[in-house]
Trainee: 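Before I ask anything, let me first share the structure, which is written out below as structure tokens.
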Amino acid sequence: PVLAETLLAPEEQLASRLLRAASDAGMKLFVTSGVIEEVERHINRCLVYVRAPAHQWVGGVPFLFSMYAFGGHQAGAFPAWIERFCGNERPRDDLADYLVTEWGITTRDLGEVVEKSPQALRWEIERIWREAHETRRGRGGIEYDAFVVDRLVKHDVECFLGVIGMRSSNAASELGYAHWWLTFDKTVRDFEAKLFESLGSAAPKAPVMSPDFLANYLAIGPMRSRVSKATEASIPVAMMEVLPAFVPAELVQIADDFRKTVTGVDERLLKRKLRDALDSGKRRPGVFTTGGFAAVRGNIERALRERNARE
């Protein structure tokens, strides 16, 4: 989405504003090389679509090119536009460089962390992701490439289990877990229920942060300048000091209620309640979590159509 949103004015960008605000607040952002591979393969698919005769193309119009076309741009100029992100010789290296230079997003693989995960858990998570990808690509009666599904499953398992593994080596603070997977993929919404069915109480919580929670937490929009001020001090201490200004009001209420009901406030229990409330809130679905990538796509498409109509 952030590549497509370069076609929009800053105030029209949704995913990009979210990442900028997260970075301003002092969060560290990462992607795996698997994500880089998927983006590069998508760009390649767009280029093939542009160059192939219409009667030879099978499937829908690739996302990135469709957004480019909605902006009123000519198909023949698409390869030149893509060069701002990557070239022909080493496109994956170029994309990694673009992300770290323009966004401060570092490439970090989690394969070694995943290898240390319990085998039963790995099998179940891989099964759920494979089922999701096969179902998604089996719609419309078009035969899917098994190799592609294998790669996608591997990448998603790495992100899911890798974040869980990173948590095991770092104690959670008053703000809850330090490591989260930010994704618009709706598949993860029912992961916990499916894992519980097969693994019971041993099933972990999905390590996925709701984009809606992050947007509210960072107060994108009118409170953006206040997010920037928080970066003047270190994280997480600074975030704890400004907690009432940045988290949903219900968390402040939890703290107030706890202080009223307990004589001689136990700060350890208070911190635990705030931590648990934050962890729960981070997973809670909202508009963009429920809408998934389609919601982000719809926002970009709508803005591009309106801009093209005005011009």
Side-chain angles (χ1 to χ4, degrees), residues 1-8 12-16 31-99 129-157 159 183-188 288 291-311:
V2 296
L3 304 188
E5 286 185 341
T6 60
L7 297 165
L8 302 175
E12 297 173 318
Q13 299 171 357
L14 190 154
S16 299
V31 293
T32 64
S33 58
V35 172
I36 299 293
E37 177 186 336
E38 290 186 25
V39 175
E40 183 272 324
R41 287 291 81 197
H42 179 79
I43 289 176
N44 182 72
R45 182 173 171 80
C46 290
L47 293 172
V48 172
Y49 176 84
V50 171
R51 294 163 178 162
H55 68 278
Q56 293 183 3
W57 182 258
V58 177
V61 181
F63 163 74
L64 194 55
F65 176 76
S66 66
M67 297 300 101
Y68 181 82
F70 279 133
H73 304 285
Q74 296 297 317
F78 181 79
W81 178 70
I82 282 296
E83 288 186 359
R84 68 179 61 190
F85 310 119
C86 63
N88 295 322
E89 296 298 322
R90 296 164 58 186
R92 296 182 190 178
D93 289 345
D94 297 338
L95 285 169
D97 181 66
Y98 169 77
L99 290 178
W129 273 115
R130 184 172 301 281
E131 181 181 88
H133 281 296
E134 289 179 348
T135 299
R136 187 181 304 172
R137 278 153 186 78
R139 294 170 185 157
I142 300 175
E143 185 176 354
Y144 58 81
D145 188 326
F147 174 78
V148 172
V149 171
D150 287 343
R151 297 297 296 170
L152 293 173
V153 170
K154 179 179 182 296
H155 298 160
D156 287 330
V157 169
C159 290
T183 176
F184 286 97
D185 195 322
K186 295 193 296 182
T187 303
V188 298
F288 295 112
F293 182 73
V296 181
R297 175 176 183 145
N299 179 76
I300 300 174
E301 181 178 331
R302 183 170 52 256
L304 288 171
R305 285 183 182 275
E306 292 175 356
R307 169 173 293 193
N308 192 28
R310 290 195 301 268
E311 297 176 353

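Here the structure is a predicted model, which is why all the values come from computation and not from measurement.
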Trainee: Quick one: list whatever passes ring-ring contact (aromatic ring centres under 6.0 Å, His included) with Phe70, sequence neighbours left out.
Mentor: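 By the ring-ring contact (aromatic ring centres under 6.0 Å, His included) rule, Phe70 matches no residue at all.
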Trainee: Could you work out, with side chain to side chain donor-acceptor pair (under 3.5 Å) as the rule, every residue matching Asn44, not counting sequence neighbours?
Mentor: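 Partners of Asn44 by the side chain to side chain donor-acceptor pair (under 3.5 Å) criterion come out as none, since no residue qualifies.
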Trainee: Run the side chain to side chain contact (heavy atoms under 4.5 Å, CB included) test against Ala303 and tell me which residues pass, sequence neighbours left out.
Mentor: Leu8, Glu12
Trainee: Going by the rule side chain to side chain donor-acceptor pair (under 3.5 Å), which residues pair with Ser16 if we only count those two or more places apart in sequence or in a different chain?
Mentor: Glu5
Trainee: For the residue pair Cys86 and Ile43, establish whether any side-chain heavy-atom pair is separated by less than 4.5 Å.
Mentor: yes
Trainee: For Asn88, enumerate each residue passing the side chain to side chain donor-acceptor pair (under 3.5 Å) test, keeping only those at least two apart in sequence or located in another chain.
Mentor: none
Trainee: State, yes or no, whether a side-chain contact exists between Pro79 and Leu47 at a heavy-atom distance under 4.5 Å.
Mentor: yes
Trainee: If I compare all heavy atoms of Pro1 with all of Ile300, which pair ends up nearest, and what's the gap?
Mentor: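 Smallest interatomic distance, heavy atoms only, reads O-CD1, 4.0 Å.
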Trainee: Kindly write out the residues that satisfy ring-ring contact (aromatic ring centres under 6.0 Å, His included) with His42, not counting sequence neighbours, or none if the list is empty.
Mentor: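 Listed in chain order: nothing, the list is empty.
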Trainee: Looking at residues at least two apart in the chain, or sitting in another chain, which of them share a ring-ring contact (aromatic ring centres under 6.0 Å, His included) with Trp81?
Mentor: Tyr68, Phe78, Phe85
Trainee: Which residue pairs pass the salt bridge (charged side-chain N to carboxylate O under 4.0 Å, His left out) test with at least one member in residues 34-48, sequence neighbours excluded?
Mentor: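 Qualifying pairs: Glu37-Arg151, Glu40-Arg92.
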Trainee: Would Leu3 and Val39 satisfy side-chain contact (heavy atoms from CB on, under 4.5 Å), going step by step from the backbone distance to the final call?
Mentor: CA-CA 10 Å; Leu3 304 188; Val39 175; 4.0 Å; yes
Trainee: Under the rule for side chain to side chain donor-acceptor pair (under 3.5 Å), what residues qualify as partners of Thr6, not counting sequence neighbours?
Mentor: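 With sequence neighbours excluded, Thr6 shows a side chain to side chain donor-acceptor pair (under 3.5 Å) to no residue whatsoever.
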Trainee: Between atom CD1 of Ile36 and atom CG of Leu95, what is the distance when rounded to the nearest 0.5 Å?
Mentor: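 Here the interatomic distance stands at 6.0 Å.
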Trainee: Taking Arg130 as the fixed residue, which of Asp156, Thr135, Leu152, Val153 is the one that meets the side chain to side chain contact (heavy atoms under 4.5 Å, CB included) rule?
Mentor: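 Going through the options one by one, the only one that passes is Val153.
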Trainee: So which pairs with a foot in residues 65-91 pass salt bridge (charged side-chain N to carboxylate O under 4.0 Å, His left out), sequence neighbours left out?
Mentor: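 Qualifying pairs: Arg90-Asp93.
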Trainee: Please list, one pair per line, the donor and acceptor atoms closer than 3.5 Å that link side chains of residues 59-67 to other protein atoms, with sequence neighbours excluded.
Mentor:
| unit_1 | atom_1 | unit_2 | atom_2 | d |
| --- | --- | --- | --- | --- |
| Ser66 | OG | Pro62 | O | 3.4 |
| Ser66 | OG | Phe63 | O | 2.6 |
| Ser66 | OG | Arg297 | NH2 | 3.2 |

